[in-house]
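A short write-up of the structure that comes next.
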Amino acid sequence: MIAFARIVLRVLADLAGLVALSIRPRRSVEAENLVLRRQLALFKERGVKPRCIDAATRISLAWLSRLCDWRSCLIVVRPETVVRWHRAGWPLFWRYKSRPGRPQIPLELRQLIARMASDNPLWGEERIANEPLVKLGIRVSPRTVRKYMPKWLPGRPRGDQRWSTFLGNHAKAIIACDFFVAVTATFRSLYVFVLIHHASRQLLHINVTAHPTAAWTLQQLREAIGLTDGFRYLIHDRDSIFAKSLDESLERLGLKILKSPPRSPMANAYASHCTSCERIGMTAGNRRLSASLVPWHLVGGTSPGGS
């Protein structure tokens, strides 16, 4: 920060010198220019190596070069060097013009969000975002509201329910599904579909396919769920295989679809934990189950009884 302040002061000093030269008579400036040129010629004849040019001098020379025939004035540096300084300045300029992030919302709206959150501790970001839209016609994203909501102090109630709390309260009514890839001995990729019950960790359904589709996945879920009334929620990730038509068909069966956030495997930890045949067998409480998950002639392995 101190070095940047020094550069700014040096550039301002050069700017003040330019303004002072514009006030002086032209004959005086031309004479002084000739005297300085003679001194630079003697300096060049002696072959004295100049000291390293600092950042402030580079900025000043690059800026002043736009006001004169700079190629004939250069002695200490080459024209290619000044051109390189110009090119280095453009990325800095566009980096400043393309600063990341959106501008902040007005201060009055930020204060209103903080006041609403403090006066209504049971309100979540969705409710607070809807209040200005309905009553004032101001559209604010719930994520923006969450950014300006005050941090909750220990002991105060939260306006929303934690994900872990929701999973604990509704574990008996939650099922989760996921895919993982199994590579065969012939380097063929197979996709294993797993459906698990949260409360009991029981594997409800397992199947394998080489070409998973939304229709195939929907059929697996129909076979596993059937007409069971004990399940209310289904958790899956945001993979494209879980199409909108698949979710709509499952909602007709009485299930509410809960999609995990992007790149958040821990939000669907029980299903994501099943990443191998052996682990699936252990999860089901039967180590021998891993031997019968996939037909051995498909995966290229040896049967449990073979060598």
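Heavy atoms only: backbone and side chains are in, while hydrogens, waters and symmetry mates are out. Because the structure is predicted, anything quoted here is derived from the model rather than measured.
- Checking side-chain atoms of Thr184 against main-chain N and O of Arg188 turns up a donor-acceptor pair under 3.5 Å.
- Shortest non-hydrogen contact noted between Phe242 and Asp237 is CE1-OD1, 3.1 Å.
- When side chains are defined from C-beta on, Leu258 does not count as touching Leu234, because their heavy atoms never get closer than 4.5 Å.
- Between Ala267 and Trp163, the closest heavy-atom pair is O-NE1, 3.0 Å.
- Counting only distance, with no hydrogens or angles, the side chain of Thr144 and the backbone of Val140 share no donor-acceptor pair below 3.5 Å.
- Summarising the geometry, atom OG belonging to Ser200 is positioned 11.0 Å from atom CD1 belonging to Ile175; distances are rounded to the nearest 0.5 Å.
- The side chain to side chain donor-acceptor pair (under 3.5 Å) check on Glu126 picks up nothing, with sequence neighbours excluded.
- Interatomic distance, CD of Glu125 versus CG of Asn130, reported as 11.0 Å (0.5 Å rounding).
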Derivation and outcome, side-chain contact (heavy atoms from CB on, under 4.5 Å), residues Leu190 and Thr209: CA-CA 6 Å; Leu190 297 178; Thr209 181; over 6 Å; no
Test log, rule side-chain contact (heavy atoms from CB on, under 4.5 Å), inputs His236 and Lys259: CA-CA 5 Å; His236 63 66; Lys259 295 184 179 181; 3.7 Å; yes
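- Under the 4.5 Å side-chain criterion, counting only non-hydrogen atoms from C-beta, Leu195 is not in contact with Ile206.
- Looking at Leu133 and Ile138, their side chains never come closer than 4.5 Å, going by heavy atoms from C-beta outward.
- Rounding to the nearest 0.5 Å gives a distance of 10.0 Å between CG of Leu218 and CD of Glu223.
- No donor-acceptor pair under 3.5 Å is formed between the side chain of Ser249 and the backbone N or O of Asp247.
- Two residues are said to be in side-chain contact when any heavy atoms from C-beta on lie closer than 4.5 Å; Leu204 and Ile196 fail this criterion.
- Side-chain N or O atoms of Trp123 include none that pairs as donor or acceptor with a backbone N or O of Met116 at under 3.5 Å.
- Nearest heavy atom pair, residue His197 against residue Ile174, reads CD2-O, 3.2 Å.
- Lys135 meets the salt bridge (Lys or Arg N to Asp or Glu O under 4.0 Å) test with Glu131; sequence neighbours excluded.
- Note that CD1 of Ile105 is 8.5 Å distant from NZ of Lys147, once rounded to the nearest 0.5 Å.
- With 3.5 Å as the limit, one finds a donor-acceptor pair spanning the side chains of Gln220 and His205.
- Within 6.0 Å of the CZ atom in Arg115, the count of heavy atoms belonging to other residues, nucleotides or ligands does not exceed 12.
- Looking only at side-chain heavy atoms (C-beta outward), Asn207 and Trp216 come within less than 4.5 Å of each other.
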Step-by-step side-chain contact (heavy atoms from CB on, under 4.5 Å) determination, Gln111 to Tyr148: CA-CA 9 Å; Gln111 294 175 349; Tyr148 296 107; over 6 Å; no
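- In summary, the aromatic rings of His198 and Tyr233 are positioned with their centroids too far apart to meet the 6.0 Å limit.
- What you find for Arg238 and Pro262 is that their closest heavy atoms are NE-CD, 3.6 Å.
- For Phe179 and Tyr191, the ring centers sit 6.0 Å or farther from each other.
- Annotation for Ala214 and Ile241: closest pair CB-O, 3.3 Å, computed over non-hydrogen atoms.
- Going from atom CD of Glu251 over to atom CG of Leu246 covers 10.0 Å, rounded to the nearest 0.5 Å.
- Rounding to the nearest 0.5 Å gives a distance of 6.5 Å between CD1 of Ile225 and CG of Leu253.
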side-chain contact (heavy atoms from CB on, under 4.5 Å) between Asn169 and Thr165, worked out: CA-CA 6 Å; Asn169 293 338; Thr165 305; 3.5 Å; yes
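- Listed here is the closest heavy atom pair of Pro132 and Ala129: CD-O, 3.5 Å.
- By the 4.5 Å heavy-atom criterion applied to side chains, Asp178 and Ile235 are not counted as neighbours.
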